[in-house]
Amino acid sequence: MAIALVTGASRGIGRATALQLAVEGYTVAVNYHHNIKAATDVIAQITDAGGKAFAVRADISDETQVLAMFDSIDREGEPLAALVNNAGILCEQSTIENLSAERINRVLATNVTGYFLCCREAVKRMSFKHHGKGGAIVNVSSAASRLGAPGEYVDYAASKGAVDSLTTGLALEVAAYGIRVNGVRPGLIYTDIHASGGEPGRVDRVKSALPMQRGGQPEEVAQAIVWLLSEKASYVTGSFIELAGGK
Ligand code: NAP
C-alpha cells in the first residue's frame, strides 16, 4: 500500500480525487483546513467502500503546519507515492483598483507558497536522491492561468501562472530522480469555490460562452488527475491537461 496526499480533499475537486484514488488502492491522506465535517464524510465514504483514508488538518500556507502534516503522514508507515496539490482559494471578484497587498499575499500564500511547500516535502520523501521509491505529483492549476480572469481575480490567475511554472521547473528538476510532475487546468467546475468569489451561480451564468456549452463536474477533473498519477502515464512529465470544455 502507498499513500496519496490530496490537499483540500474535504470538498470539490479534491474530494472527488480522494474518492477515486481510494478506489485505485491508495491510502488517502485527506487534507483540509477548517471543514472537519466534510473531511470526516470523505473518510467515511472511503472506508465504507472498503478503502483506507485518514484526515490531516493543515493550512498549507503555514510552513509549520505543512511540516506537521508530513510528519503525521510519515507515522502511518507507508511510503508517500502521490501528491495532489489541489487546495486553492480565490477572493471576491474585483478589478485591480481594489486589490490590497493583504489580499494578493493571501492568495499567493495558499496557491503558490502552499504548493511549493508540499512539493518540497513530497520530493524529500519520494526522490531517489533521498533513497525514496519515486512518485508522482499533480498540481491543480486553472484555465485562468491562460485566460487571466480579467475583472474578476487577476491575482488568482497570476497565482495559477506561478503554479504552471512550478510544474514545468520541478518536472525537469526531479525527472531523473523517479518523480513525475504534471498539471491540470480546469475551467468552470461546479464547486463551492465560486461562492467565495461572491457568485455561487457563476458556472451557470458563463457556461454558454464555452464551446461545450456546459460546466464541468469535479469527477471529470479527478479522472485526469488519477490518470496522471498512474502507471498508465509513466512517460508523462511536465505536461498539462486542459479540462475547460474547449476554452
Ligand atoms: P473548493 O470547493 O472551494 O474546495 C477548496 C478545498 O481547499 C477545501 O477542501 C478547503 O478545505 C481547502 N483549502 C482551502 N484553503 C486551504 C488551505 N489554506 N489549506 C488547506 N486546505 C485549504 O475548491 P475547488 O473548486 O474544488 O478547487 C480546487 C482546486 O481547483 C483549487 O486549486 C482551484 O483553484 C482549482 N480550480 C477550480 C476551478 C473551479 O471552477 N472550481 C477551476 C479551475 C481551477 P475546507 O473544506 O477545510 O475549507
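Because only heavy atoms are used, hydrogens play no part in the values below, and waters and symmetry mates are left out as well, while side chains stay in. All residue numbers refer to positions in the sequence shown, counting from 1. First listed ligand is number 1; within each ligand, the first listed atom is number 1.
Within 4.0 Å of ligand 1, protein heavy atoms belong to Gly8, Ala9, Ser10, Arg11, Gly12, Ile13, Asn31, Tyr32, His33, His34, Asn35, Ala58, Asp59, Ile60, Asn86, Ala87, Gly88, Ile89, Thr110, Tyr115, Val140, Ser141, Ser142, Tyr156, Lys160, Pro186, Gly187, Leu188, Ile189, Thr191, Asp192, Ile193, His194, listed by chain and number.
Here Ile3 contributes atom CD1 and Glu76 contributes atom CD; the two are 5.5 Å apart, rounded to the nearest 0.5 Å.
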Validation: residues 184-195 side-chain donor-acceptor distances under 3.5 Å, sequence neighbours left out:
| from | atom 1 | to | atom 2 | distance (Å) |
| --- | --- | --- | --- | --- |
| Arg185 | NE | Glu242 | OE1 | 3.3 |
| Arg185 | NE | Glu242 | OE2 | 2.9 |
| Arg185 | NH1 | Asp164 | OD2 | 2.8 |
| Arg185 | NH2 | Glu242 | OE2 | 2.6 |
| Tyr190 | OH | Asp204 | OD1 | 2.5 |
| Thr191 | OG1 | Ile193 | N | 3.2 |
| Asp192 | OD2 | Arg11 | NH1 | 2.9 |
| His194 | NE2 | Ile189 | O | 2.8 |

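Each ring-ring contact (aromatic ring centres under 6.0 Å, His included) pair with one or both residues in residues 34-55, not counting sequence neighbours, would appear here, but there are none. Within the structure, the ring-ring contact (aromatic ring centres under 6.0 Å, His included) test picks out the following pairs touching residues 117-158 (sequence neighbours left out): Tyr153-Tyr156.
Remark: Asp71 does not engage Arg75 in a salt bridge, criterion side-chain N to carboxylate O under 4.0 Å.
Side-chain atoms of Thr27 and Glu78 include a donor-acceptor pair closer than 3.5 Å.
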